[in-house]
Amino acid sequence: MAADQTVTLGRSLVQHGRASDRVYLMAVADEDMPGLLGELDQLARQNRYGKIFAKVPARWRRQCVADGYQVEAEVQGFYGGEESGLFMGKYLNEERRAATDIRKIQEVLELCRRAQKNSVIRDNTGADDDYQTRRCTPTDATAMAALFRRVFPSYPFPVHEPDFLRQTMAENVVYTGAWQGQELAALASAEYSPREAHAEMTDFATTPEHRRRQLAGRLLITLEKEMTSRGIKTAYTIARAISAGMNLTFAKAGYRFAGTLTNNTQICGRIESMNIWYRSLS
């Protein structure tokens, strides 16, 4: 299935497509609101998508709720370290609204709550010294794409394509990798907005033979340091809600749970619910 496409409506950035069966308002321009909401509706209904997913500043809460959106997660300090960001969903059919894997999601969140009762460790002492972490460069793109293909049979962005990885590196994404000798073992990235001072910690992928080595946590710390040096104030992630390992990585690193996005993202062959976690870096 083809990856969803990214377009602009006015000055706002929107992703949509059959893969995730949704319209995703990734970045909103104030001058497009509130009229943009009608354009999103039109795009969704023309293509018979099941959901509209929107990230918007808290100042647009009232207009979005009046238009049928519900707040699924709220991240404090999302915009410039000051204004909250709302992760909102509008469901265009009841089947899409019905949450799946509810018991598993609750089990994962309970594991995270228990883990957060313990002290948070913010260094690399638990990581294997056998691995070296560094920022990825365009020459790594072929190996990176191969790793993403192994770990993710499907993904909401074309990370399986080396050209896409090189393009995003040249724009607003920092990738870091963990190598064991010459072998790339794990990857993660930070997609950041200098204007809004937030960064999404994403694309965490570890090959099966290198799992349980705390590589995700090690890469997260590396990315946080890089983002702090760039003036980023808030880090967040959109994690698969049924993935205990990924949610625990962020819970143990001091991130706060913000909410669950129901049936939101196509990943690993099906549409799944996602959890939002965030942490202030300032």
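Cluster annotation: Tyr49 is connected to Val14 through the hydrophobic network of ILVMFWY side chains, with a link wherever side-chain heavy atoms come within less than 4.5 Å. Linking Ile, Leu, Val, Met, Phe, Trp and Tyr residues whenever their side-chain heavy atoms come within less than 4.5 Å leaves Val173 and Met227 in two separate clusters. In terms of hydrophobic clustering, with Ile, Leu, Val, Met, Phe, Trp and Tyr side chains grouped at heavy-atom distances under 4.5 Å, Val151 and Met274 are assigned to a common cluster. Hydrophobic clustering, with ILVMFWY side chains joined whenever heavy atoms are under 4.5 angstrom apart, groups Leu165 together with Ile267.
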Quick one: do Lys225 and Thr228 satisfy side-chain contact (heavy atoms from CB on, under 4.5 Å)? Show the steps, please. CA-CA 5 Å; Lys225 291 177 179 177; Thr228 300; 5.8 Å; no

Give the intermediate values and the outcome of ring pair (Phe, Tyr, Trp, His ring centres under 6.0 Å) for residues Phe204 and Phe250. CA-CA 11 Å; Phe204 285 82; Phe250 285 91; 5.5 Å; yes

Could you go through Tyr155 and His160, starting from their C-alpha distance and side-chain angles, then the distance that decides it, and tell me whether this counts as ring pair (Phe, Tyr, Trp, His ring centres under 6.0 Å)? CA-CA 8 Å; Tyr155 205 68; His160 300 162; 7.2 Å; no

From CA spacing to verdict: ring pair (Phe, Tyr, Trp, His ring centres under 6.0 Å), Tyr24, Phe53: CA-CA 5 Å; Tyr24 175 13; Phe53 167 48; 4.6 Å; yes

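Shown here is Glu95, whose CD atom has no more than 12 heavy atoms of other residues, nucleotides or ligands within 6.0 Å.
Counted by atom type alone, Tyr192 and Arg230 present one or more donor-acceptor pairs between their side chains at under 3.5 Å. Looking only at atom types and distance, the side chain of Arg22 has a donor-acceptor partner in the side chain of Gln15 under 3.5 Å away.
Among the candidates Arg213, His210, Gln180, the single residue satisfying the side-chain hydrogen bond (donor to acceptor under 3.5 Å, both in side chains) test with Asp130 is Gln180.
A salt bridge links Arg61 to Glu74: one of the charged nitrogens lies within less than 4.0 Å of a carboxylate oxygen. A salt bridge links Asp140 and Arg134; the closest N-O separation between the charged side-chain nitrogens and carboxylate oxygens is under 4.0 Å. With respect to Asp21 and Arg48, no salt bridge is recorded, no charged nitrogen being found less than 4.0 Å from a carboxylate O. Taking a cutoff of 4.0 Å between a charged side-chain nitrogen and a carboxylate oxygen, Arg103 and Glu107 do not qualify as a salt bridge.
Checking side-chain atoms of Glu82 against main-chain N and O of Gln76 turns up no donor-acceptor pair under 3.5 Å. The main-chain N or O of Thr262 is found under 3.5 Å from a side-chain atom of Tyr91 such that the two form a donor-acceptor pair. Side-chain atoms of Arg97 do not come within 3.5 Å of backbone N or O of Lys51 as any donor-acceptor pair. With Glu200 contributing its side chain and Glu191 its backbone, the two residues share no donor-acceptor pair below 3.5 Å. No donor-acceptor pair under 3.5 Å is formed between the side chain of Ser12 and the backbone N or O of Val28. Between the side chain of Asp32 and the backbone N or O of Arg11, at least one donor-acceptor pair lies under 3.5 Å. Within the 3.5 Å criterion, the main-chain N or O of Cys268 finds a donor-acceptor partner in the side chain of Ser154. Between the Ser243 side chain and the Arg240 main chain, no donor and acceptor come within less than 3.5 Å of each other. Panel note: side chain Ser273, backbone Asn263; a donor-acceptor pair is recorded below 3.5 Å. Counting only distance, with no hydrogens or angles, the side chain of Asp4 and the backbone of Ala19 share a donor-acceptor pair below 3.5 Å.
Of all the heavy atoms in Leu248 and Ala115, the pair that sits closest is CD2-CB, 3.8 Å. Here the closest heavy-atom approach between residue Leu92 and residue Ala44 is recorded as CD1-CB, 3.4 Å. Of all heavy-atom pairs spanning Trp179 and Cys136, the tightest one is CH2-SG, 3.8 Å. The shortest non-hydrogen separation linking Val174 to Leu223 is O-CD2, 3.8 Å.
Under the salt bridge (Lys or Arg N to Asp or Glu O under 4.0 Å) criterion, Arg270 pairs with Asp101, Glu272, not counting sequence neighbours.
Rounding to the nearest 0.5 Å places OG1 of Thr139 at 10.0 Å from CE of Met144.
The ring-ring contact (aromatic ring centres under 6.0 Å, His included) analysis of residues 61-80, with sequence neighbours excluded, yields the pairs Phe78-Phe87, Phe78-His198, Phe78-Tyr236, Tyr79-His198.
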